[in-house]
Visitor: 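First, the structure itself, so that you have it in front of you.
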Amino acid sequence: AQKVTQTQTSISVVEKTTVTMDCVYETRDSSYFLFWYKQTASGEIVFLIRQDSYKKENATVGHYSLNFQKPKSSIGLIITATQIEDSAVYFCAMRERVSGTYQRFGTGTKLQVVP
Amino acid sequence: DTTVKQNPRYKLARVGKPVNLICSQTMNHDTMYWYQKKPNQAPKLLLFYYDKILNREADTFEKFQSSRPNNSFCSLYIGSAGLEYSAMYLCASRPTGGREQYFGPGTRLTVL
């Protein structure tokens with residue numbers, strides 16, 4: 001069965017610095033998709049970035065990038081040059097490519113960016 | 001337009017009364033999901049439709065109903081609300097072959 005674990009419940013960083021949020025996952029499938037989402041203060045969940053397991057290159061979108069370590073079943077989210085508006089809860093999720101029809105989410109990491 | 005809409009945004013319900021939440025999308029996505037989100041917890045999948053086929057999670061099978069009269073519309077129905085149903089309910093959709101899901105803004109349900 002698939003499982004997604006985020007052990008960091010909350011992180012606080014100073015504006016304009018870099019932060020990394022951890023996520024580990026469990027799956028029996030050899031091919032899967034990994035996602036990071038952001039939940040805003042209003043509760044809305046917004047897709048940020050995706051990593052396909054069969055791609056070796058780490059995905060990058062804007063100031064978001066991923067640190068994909070397949071042997072460790074780990075997919076970290078890196079936010080560079082953090083801004084106050086990056087303060088939110090970040091969720092990691094996974095969906096198996098063949099057998100998966102829905103995503104399994106982690107419990108989230110609350111990020112606070114302070115001036 | 002990757003917009004998923006949900007109505008209402010806020011819902012107040014009494015214990016024992018029914019609740020009906022609505023989700024719509026005009027992207028022609030064939031899969032639509034309903035999640036329950038409580039504070040400090042992961043979004044929990046309740047059920048999803050792939051086209052007209054409804055799939056419900058085993059542990060919420062009897063608590064939630066749903067209908068999808070057409071490709072754009074999906075509802076979530078609670079027959080008799082309990083206090084434990086207070087949560088954010090998130091609808092999402094995904095196109096065939098698509099990877100990520102697109103979420104609606106959510107409906108915050110409070111049961112009193």
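Sequence lines set the chain letters: A, B, ... in the order given, protein chains first and strands last, and positions in each chain run from 1.
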Visitor: Which atoms of R97(A) are under 4.5 Å from chain B, going by heavy atoms: the side chain, the backbone, both sets, or neither?
Guide: neither
Visitor: A quick test of your reading: do over 12 heavy atoms of other residues, nucleotides or ligands sit less than 6.0 Å from CD of E62(B)?
Guide: no
Visitor: Do any N or O atoms from the side chain of Y37(A) and from the backbone of Q101(B) form a donor-acceptor pair under 3.5 angstrom?
Guide: yes
Visitor: Tell me whether L111(A) is reachable from V4(A) by hopping between hydrophobic residues (I, L, V, M, F, W, Y) whose side-chain heavy atoms are closer than 4.5 Å.
Guide: yes
Visitor: Do F103(B) and F47(A) pass the side chain to side chain contact (heavy atoms under 4.5 Å, CB included) test, and can you show the C-alpha distance, the side-chain angles, and the key distance before you say yes or no?
Guide: CA-CA 8 Å; F103(B) 282 85; F47(A) 166 73; over 6 Å; no
Visitor: Quick one: OG on S42(A) to CZ on R9(B), what's the gap to the nearest 0.5 Å?
Guide: 6.0 Å
Visitor: Could you go step by step and tell me if N40(B) and K110(A) meet the side chain to side chain contact (heavy atoms under 4.5 Å, CB included) rule?
Guide: CA-CA 9 Å; N40(B) 303 315; K110(A) 184 176 182 178; over 6 Å; no
Visitor: Where does Q39(A) contact chain B at under 4.5 Å (heavy atoms): side chain, backbone, both or neither?
Guide: side chain
Visitor: For residues G106(A) and P43(B), report the shortest heavy-atom separation together with the two atoms involved.
Guide: O-CD, 4.1 Å
Visitor: Determine whether L34(A) and V61(A) fall in the same hydrophobic cluster, where Ile, Leu, Val, Met, Phe, Trp and Tyr are linked whenever their side-chain heavy atoms lie under 4.5 Å apart.
Guide: yes
Visitor: For the NZ atom on K16(A), are there more than 12 heavy atoms of other groups (residues, nucleotides or ligands in this structure) within a distance under 6.0 Å?
Guide: no
Visitor: List the atom of Q103(A), the atom of R99(B), and the distance in Å for their closest heavy-atom pair.
Guide: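 Heavy-atom minimum between the residues: NE2-O, 3.5 Å.
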Visitor: What about I45(A) and I22(B), same hydrophobic cluster or not, with Ile/Leu/Val/Met/Phe/Trp/Tyr joined at side-chain heavy-atom distances under 4.5 Å?
Guide: no
Visitor: When rounded to the nearest 0.5 angstrom, what distance separates OG1 in T31(B) from OH in Y102(A)?
Guide: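 Result: 13.5 Å between the selected atoms.
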Visitor: Quick check on Q41(B) against chain A: is it the side chain, the backbone, both or neither that has a heavy atom closer than 4.5 Å?
Guide: backbone
Visitor: Quick check: is Y77(B) connected to L12(B) through a chain of hydrophobic side chains (ILVMFWY, heavy atoms under 4.5 Å apart)?
Guide: no
Visitor: Y50(B) versus chain A, heavy atoms under 4.5 Å apart: side chain, backbone, both or neither?
Guide: neither
Visitor: Counting only heavy atoms not in E57(A), do more than 12 fall under 6.0 Å of its CD?
Guide: no
Visitor: Side chain, backbone, both or neither: which part of K37(B) has a non-hydrogen atom closer than 4.5 Å to chain A?
Guide: side chain
Visitor: Would I84(A) end up clustered with V13(A) when hydrophobic side chains under 4.5 Å apart are linked, directly or stepwise?
Guide: yes
